[in-house]
Structures are given as structure tokens and as C-alpha cells.
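What follows is a short report on a single structure.
Below, chain A is the first sequence line, B the second, and so on; all start at residue 1.
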There are 2 protein chains.
Amino acid sequence: MAALKPDQLDAVARFFRVLAEPTRLAILQELRRNPRTVNELVESLGAKQANVSKQLGILFDAGLLDRKRSGNSVVYSIREPAIFELCEIVCGKLKRDAEKRYAAFAGKPRR
Amino acid sequence: MAALKPDQLDAVARFFRVLAEPTRLAILQELRRNPRTVNELVESLGAKQANVSKQLGILFDAGLLDRKRSGNSVVYSIREPAIFELCEIVCGKLKRDAEKRYAAFAGKPRR
DNA sequence: TGATTGTATCGCTGATTGGCAATATAGTGA
DNA sequence: TCACTATATTGCCAATCAGCGATACAATCA
């Protein structure tokens with residue numbers, strides 16, 4: 001891949017920042033199972049409505065979610081399933097690191 | 001993939017945050033081409049030494065870089081090439097989004 | 001030893017932002 | 001119209017953090 005210019009690096013960084021927040025990741029994870037209304041997310045996450053709404057807005061603005069009104073409610077759903085590839089890669093790395101630390105500490109029970 | 005628990009979401013978010021910074025991305029991009037000393041990075045990035053050193057520390061602590069002394073200098077190199085997969089995925093999405101916005105604005109020259 | 005170069009750390013500041021309570025807006029039904 | 005529910009927005013506070021100058025630490029050489 002060609003070298004990214006400063007503006008592009010900014011855009012990539014801004015995108016990663018969207019994913020750099022536990023509440024937003026929890027929302028994505030929940031929506032991965034099923035589309036949800038704001039209230040359903042508020043309940044299942046145990047977070048405040050204002051905050052869930054704010055974080056949903058950030059995820060939506062980043063182009064990660066779809067949104068549609070359903071009567072009185074608003075239903076959010078995943079627009080970009082590719083983001084979960086990102087999470088898989090990161091989880092894989094974190095897991096490997098954890099195993100490595102454990103092996104070094106406990107004397108390599110190794111896998 | 002199984003649902004991640006709050007602690008795991010925290011860890012993933014913390015990892016993404018490391019990538020959510022243009023200077024750090026620039027460093028990774030530079031190191032992808034070749035291992036570099038701190039001073040070489042300072043020159044090629046046009047950033048202050050203190051800041052480059054700080055950001056290198058953050059990348060190193062995240063397990064993304066290797067570090068070795070070479071005489072008076074310290075040479076950093078990529079430890080986890082997998083991170084570039086992440087960047088590719090993000091770049092791909094940003095590019096698609098940009099194309100979509102352009103098509104909608106200019107009347108679908110399409111692709 | 002002291003001088004020089006390369007790197008890391010410290011203290012600070014300004015900017016960003018997650019979370020909150022309060023309030024505004026939107027849709028539904030009476 | 002009014003009451004009710006669902007969602008979004010606003011103003012605020014505390015925490016985080018990139019970037020900076022100054023300085024400490026480390027390695028080399030004279």
C-alpha cells in the first residue's frame with residue numbers, strides 16, 4: 001500500500017478513535033446479535049439514555065450504523081460488518097500477548 | 001466469536017486508542033519501510049524529539065514495536081505486522097465512503 | 001575525567017471527550 | 001389539543017492526552 005499523506009493519517013486515526021471506547025464497542029457487539037432500539041440498548045448495557053444516544057450518534061456519523069424510525073422508536077443496526085474483522089485481529093493479538101505473558105511467568109505450559 | 005466481557009472490551013478499546021493518533025500512525029508507516037532510530041524518525045517526521053520518543057514508548061508498551069540499542073542510538077522496528085491489516089481495512093472503508101459521497105454529489109460517475 | 005550526542009522523562013498547558021442531569025424534540029394515542 | 005413515551009441535544013465537569021521546553025539519563029569518545 002502506498003504511503004498515506006497526513007490528511008489520510010488523520011482520517012484513519014479519527015476512525016480508530018471511534019472504536020477506542022468500551023461503551024461504543026459494547027453497542028456494536030450488542031447490535032451484532034440483533035438490531036436494537038435505543039431503549040433496548042440502554043437496558044441491556046445498563047447505561048444512561050443520554051450517553052447511549054450520544055455514542056450511537058458517533059457510531060452513526062462514522063458510517064458504522066444504519067438507523068430507521070419504527071413508530072416511536074429508532075432502530076439501529078450494523079452497517080459495516082467489516083469492523084468485526086478489526087476486532088477479531090485485535091482480540092487475537094491481545095490473546096497471544098496474554099498467553100505469552102502467562103508462559104513467561106508460569107514456565108511455558110505452552111498452549 | 002463469543003461476546004466480550006467489559007474487561008476485554010476495555011482492553012480492545014485501549015488498543016484501538018493507540019492507533020487513534022496520526023503521529024503514531026506516521027511512525028508505524030515509517031517503520032514499515034525500515035527500522036529506524038529515534039533521530040531518523042524525528043527528521044523524517046519533522047516532529048520534536050520528546051514527542052517522538054513518547055509516542056514510540058506508547059507503541060512499544062502496546063507490544064507493536066521492537067527496540068534494540070545500537071551504540072548510542074535506539075533502533076525501533078515493527079513487531080506486529082498484523083496491524084497493517086487493520087489499516088488496510090480502515091483505508092478501504094474510508095475510500096469506499098469517499099467514493100460514495102462523490103458519486104452522490106457529482107451524479108454517479110460510478111467507480 | 002569531561003564533552004558530546006542520542007534518548008527518555010518530567011511538569012505543564014490547551015484541547016478533546018465520556019458521562020451526567022436537565023431539557024428539547026419527535027412520534028403516538030386520547 | 002394534551003399527556004405520554006422515545007430519542008436527541010445542551011451545558012457542565014472531570015479525566016485524558018498530545019505537544020512543548022527543560023532536564024535527566026545513557027553511551028561514546030577524547
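One finds no salt bridge joining A:E99 and A:K93 here, because no Lys/Arg side-chain nitrogen approaches an Asp/Glu carboxylate oxygen to under 4.0 Å.
Look at CD on A:E43: it is 14 Å from P on D:dT5, rounded to the nearest Å. Rounded to a whole Å, the CG atom of A:N72 is 17 Å from the P atom of D:dA3. Straight-line distance from the NZ atom of A:K48 to the P atom of D:dA6: 16 Å, rounded to whole Å. Atom CD of A:E40 and atom P of D:dT5 are 17 Å apart (whole Å). Taking atom CG of residue B:L25 and atom P of nucleotide D:dA18, one finds them 12 Å apart after rounding to whole Å. Distance B:L19 CG to D:dA18 P: 12 Å, rounded to the nearest Å.
Between the side chain of B:S44 and the backbone N or O of B:E40 there is at least one donor-acceptor pair closer than 3.5 Å.
Cation-pi geometry between A:R17 and B:F16 is not met: the NZ or CZ atom fails to fall both under 6.0 Å from the ring centre and inside 45° of the normal.
To the nearest 0.5 Å, atom CZ of residue B:F15 and atom SG of residue A:C87 are 11.0 Å apart. The distance from the NZ atom of B:K100 to the NZ atom of B:K95 is 14.0 Å, given to the nearest 0.5 Å.
Contact annotation: B:R17 side-chain N/O to D:dC17 OP1/OP2 distance is under 4.0 Å. Taking 4.0 angstrom as the limit, A:N39 places none of its side-chain polar atoms (N or O) nearer than this to OP1 or OP2 of D:dT5. The phosphate of D:dA27 has neither OP1 nor OP2 within less than 4.0 Å of any side-chain N or O from B:S73. Listed pair B:N51 / D:dA18 fails the phosphate criterion, with no side-chain N or O lying under 4.0 Å from OP1 or OP2. Using a 4.0 Å cut-off, no side-chain N or O of A:Y76 falls inside it from OP1 or OP2 of D:dA6.
The residue among B:A50 and B:I58 whose nearest nucleotide of DNA chain D lies closer to the 5′ end is B:I58. Two residues, B:V74 and A:Q55, neighbour DNA chain C, and the one matched to the more 5' nucleotide by heavy-atom proximity is B:V74. Nearer to the 5' terminus of DNA chain D, by closest-nucleotide assignment, is the contact made by A:S53 (compared with the other of B:S70 and A:S53).
A donor and an acceptor atom sit less than 3.5 Å apart, one in the side chain of A:Q49 and one in the base of D:dA8.
When DNA chain C is scanned in the 5' to 3' direction for atoms under 4.0 Å from non-hydrogen atoms of chain A, the outermost contacting nucleotides are C:dT17 to C:dT28.
With no hydrogens or angles considered, no side-chain donor-acceptor pair links B:N39 and B:E43 at under 3.5 Å.
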